[in-house]
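Throughout, residue positions are numbered sequentially from 1 according to the sequence presented. Since the structure is predicted, the reported quantities are computational estimates derived from the model, not experimental observations.
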Amino acid sequence: METSKKRESSISSFDRSKSYWNEAIPQTSPFPTLAENLETDVVIIGGGLAGVSTAYCLSKAGKKIVLVEDGNIGSGETGHTTAHLVTALDDRFTHFVKLFGKEDTRLILQSHQAAIDFVEKTVKEEKIDCQFSRLPGFLFRHPSDDKEVLTDEFDAATEAGLELKILDRIPGMMNNQEACLEFPDQAQFHPLLYLHGLCKAIEKQGGKIYTNTHAAIINADGIITEDGWIIKADDIVVATNSPVNDLVTIHLKQNAFRTYVIAGPVEKDSVPHALWWDTGDHDVNKDFPPYHYVRLFPFNDESDLLISGGEDHPTGDLPKEDHNEATRFQRLESWTREHFPLKEITYHWSGQVMEPVDSLAFIGKNPMDKENVYIITGDSGTGMTHCTIGGLLICDLIMGIDNPWERIYRPSRMTFSSSPVFFRSLMRGIKGLLTATPGDDRVKELEAVNPGEGKICQIDGHRCGVYNDPHGAMNIVSAKCTHLGAALHWNDAEKSWDCPWHGSRFAPDGQVINGPANRNLPLYTLSDEIPLERKGE
Ligand code: FES
């Protein structure tokens, strides 16, 4: 069976872009790899904020828990976020009121408020030094958006229970002549320091954490790891950003997006500590306008670090050809320099956002599965609060405690995608498969891939993804996603094979980086034999 076992990559240049947050944590995992069979009350798969929050809440409530993570704690999307903790929901209150009505919008708002309060309280109780702070957030109109967007949002957010202000100018920004909305009591922290603080508390509470431990099989009895170890559990929680245990259902209800981040120093105290968000560039994409989000982090005695993110697009699919992945960083830099006195860029990274079609996370029992299997997914760009809500809600569900959020976040709610992004991505994945023509000249095909490039090639009738590393070594993988078989797209900025259907991503040597795929791409050797020979694991 082709698996997702870690591969000894020959690709020296492949290293997932590291975020600023990664620098503050141990480079080698302080947690062991699982090497025995276990029995427990709850097994949690995924060591990001959703999984770790769930493990913390359940172990605090007295449950025996085991958490497994196939990389290191926070090495997935939690380590690639910008960590805004907000009630200024980025899908906008106007949208929520239209879709869910006033009462449920209030409930949604209360859940995000409760999540921020929970983080604040936990930081104090567990004495976690993660620079948590409350601060205001400012929402301003992108010039391509409707004139009324802010007043409409003011009305809808006020009705939902928030106390906002309309300001004439945008505090802290250059070119600040526009009005903006001020959202009070937002928050920020260092996500990985918070996560590691929670892990310490989990261990103190008797919980067990294993890293570099891949759950190859997940079912209602527990998990079996890649190395064959079994964890039996009464309840199973899958918190893997995109649920790797679900083949179809949830993936018809959400779309994956790439989002980009740059960071660099600004003179200390030249910009006030706050959060900023614009309403997105409607000229680039009317359906999902790429927006921008900015925050600061204390850096050193002379500087603060300005962290600017945005320029999102559907994973594996770009709305315009001249806006490819690499140009997103350039566009983000130009936008940031127009608005903030950024000196230089010292960090850049990108992350994945799972966007549910109705903008609300899926938290609860996994649809069409046994009653004891739970999922947390669909961060919707407000991952810090959605993941924390996930931990609180799943804990209540497993402990048998009524929770008013259960109904609104229930994963089985009827919300199937009819969005233009869904259909574009579907067509893109199919088109790639249909354009394959067998029998092309392998020598010619491979010669066309320059060092540092990745391309789709036809080799001996196989549709392959070929990456020529900077040292001239060819890495040849199947270009068919191991989730449901869509045609993969080469992402030159991240040096990865990305799937337009549900957002799975693979390293150049085929190792899975993002689910829902849970298996590596077949890796081929280039020998004289035809067809290509598959490399053993
Ligand atoms: Fe579903 Fe690729 S992620 S087919």
Inset, instruction - Would you please test Y210 and T225 for side-chain hydrogen bond (donor to acceptor under 3.5 Å, both in side chains) and show each step? - result: CA-CA 11 Å; Y210 297 93; T225 72; over 6 Å; no

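- Listed for the Q186 side chain is no donor-acceptor partner under 3.5 Å among the backbone atoms of L275.
- Side chain of S19 to main chain of G79: a donor-acceptor pair is present (N/O by atom type, distance under 3.5 Å, no hydrogens or angles).
- Within the 4.5 Å cutoff, no side-chain heavy atoms of I307 are placed close to those of V294.
- Evaluated for a side-chain contact (heavy atoms from CB on, under 4.5 Å) with I209, the options V66, L67, I44 yield exactly one hit, L67.
- Note that OH of Y374 and CD1 of I45 are 13.0 Å apart. Values are rounded to the nearest 0.5 Å.
- The pair D358-K253 does not count as a salt bridge, with every side-chain nitrogen at least 4.0 angstrom from each carboxylate oxygen.
- Residues satisfying the side-chain hydrogen bond (donor to acceptor under 3.5 Å, both in side chains) test with S308, not counting sequence neighbours, are T336.
- A donor-acceptor contact shorter than 3.5 Å links the side chain of N520 to the backbone of V512.
- Partners of N372 by side-chain hydrogen bond (donor to acceptor under 3.5 Å, both in side chains), not counting sequence neighbours: none found.
- A pairwise comparison of heavy atoms in L397 and G364 identifies CD1-CA, 3.8 Å as the closest pair.
- The shortest non-hydrogen separation linking S504 to C481 is CB-SG, 3.9 Å.
- Residue pairs meeting the side-chain hydrogen bond (donor to acceptor under 3.5 Å, both in side chains) criterion with at least one partner in residues 377-388, sequence neighbours excluded, are D91-S380, H112-T385, Q254-T377, E355-S380, T382-H386.
- No side-chain donor-acceptor contact under 3.5 Å links H502 and N255.
- Under the 3.5 Å distance criterion, with hydrogens and angles disregarded, no donor-acceptor pair is assigned to the side chains of T259 and E311.
- Note that CZ of F362 is 9.5 Å distant from CE of M354, once rounded to the nearest 0.5 Å.
- In terms of heavy-atom proximity, I375 sits nearest to P243 at CG2-CB, 4.0 Å.
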Legend entry - Steps toward ring pair (Phe, Tyr, Trp, His ring centres under 6.0 Å) verdict (W21, H190): CA-CA 7 Å; W21 317 121; H190 188 305; 4.8 Å; yes

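- Among all heavy-atom pairs drawn from C464 and A479, the shortest one is C-CB, 3.8 Å.
- Side-chain atoms of H80 and S350 include no donor-acceptor pair closer than 3.5 Å.
- Between the side chain of E69 and the backbone N or O of G71, at least one donor-acceptor pair lies under 3.5 Å.
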Inset, instruction - Applying side chain to side chain contact (heavy atoms under 4.5 Å, CB included), run through T211 and I73 and close with a yes or a no. - result: CA-CA 7 Å; T211 53; I73 291 299; 4.0 Å; yes

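- Side-chain atoms of Y291 and D281 form no donor-acceptor pair, as typed in the model, at a separation below 3.5 Å.
- Considering only heavy atoms from C-beta on, N514 comes within 4.5 Å of N241 through its side chain.
- When all heavy atoms are compared, the tightest approach of V123 to C130 is CG2-SG, 3.7 Å.
- Formation of a donor-acceptor pair under 3.5 Å by the S478 side chain with backbone atoms of K480 is found in this model.
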Inset, instruction - Apply the test side chain to side chain contact (heavy atoms under 4.5 Å, CB included) to residues M384 and Q188: give CA-CA distance (whole Å), side-chain angles for both, the deciding distance (0.1 Å), then the verdict. - result: CA-CA 9 Å; M384 299 297 95; Q188 65 177 20; over 6 Å; no

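- Within the 3.5 Å criterion, the main-chain N or O of V373 finds no donor-acceptor partner in the side chain of D369.
- Once rounded to the nearest 0.5 Å, the distance linking CG of L195 with CG of L193 reads 9.5 Å.
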Inset, instruction - Please lay out, stage by stage, how V477 and Y524 fare under the test side chain to side chain contact (heavy atoms under 4.5 Å, CB included). - result: CA-CA 6 Å; V477 294; Y524 297 118; 5.8 Å; no

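- A search for side-chain contact (heavy atoms from CB on, under 4.5 Å) contacts involving M399 returns L58, A61, K63, C395, I401, not counting sequence neighbours.
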Inset, instruction - Determine, step by step, whether L252 and V357 satisfy the side chain to side chain contact (heavy atoms under 4.5 Å, CB included) criterion, reporting the C-alpha distance in whole Å, the side-chain angles of both residues, the deciding distance to 0.1 Å, and the verdict. - result: CA-CA 9 Å; L252 294 175; V357 289; over 6 Å; no

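- Counting only residues at least two apart or in different chains, side-chain hydrogen bond (donor to acceptor under 3.5 Å, both in side chains) contacts with residues 30-56 comprise Y56-E126.
- Using a 3.5 Å distance cut-off with no hydrogens or angles, the side chains of H292 and Y260 do not pair a donor with an acceptor.
- Side chains of Y20 and V261 form no contact here, defined as non-hydrogen atoms less than 4.5 Å apart.
- Once rounded to the nearest 0.5 Å, the distance linking OG of S75 with CG of N22 reads 8.5 Å.
- Between Y409 and A361, the shortest heavy-atom distance links the atoms CD2-O, 3.4 Å.
- For R463 (side chain) and I456 (main-chain N/O), no donor-acceptor pair under 3.5 Å exists by modelled atom type.
- Of the possible donor and acceptor atoms, one in the side chain of R413 sits under 3.5 Å from a partner among the backbone N and O of R410.
- Rounding to the nearest 0.5 angstrom, the gap separating the CH2 atom in W405 from the CG atom in L360 is 12.5 Å.
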Legend entry - Check against ring pair (Phe, Tyr, Trp, His ring centres under 6.0 Å), W490 and Y467: CA-CA 9 Å; W490 175 248; Y467 174 64; 5.3 Å; yes

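- With hydrogens and angles ignored, the 3.5 Å screen pairs a side-chain donor or acceptor of N468 with a backbone N or O of V449.
- Side chain of N491 to main chain of K495: no donor-acceptor pair is present (N/O by atom type, distance under 3.5 Å, no hydrogens or angles).
- With values rounded to the nearest 0.5 angstrom, S412 atom OG is found 10.0 Å from N366 atom CG.
- Side-chain N/O atoms of R258 and Q352 include a donor and acceptor closer than 3.5 Å.
- Checking W501 against H251 by side-chain atom types alone, no donor-acceptor pair falls below 3.5 Å.
- Among residues two or more places apart in sequence or in another chain, the salt bridge (charged side-chain N to carboxylate O under 4.0 Å, His left out) test is passed with K64 by none.
- Classification of the F189-F132 ring pair by plane angle, with boundaries at 30° and 60°, yields perpendicular.
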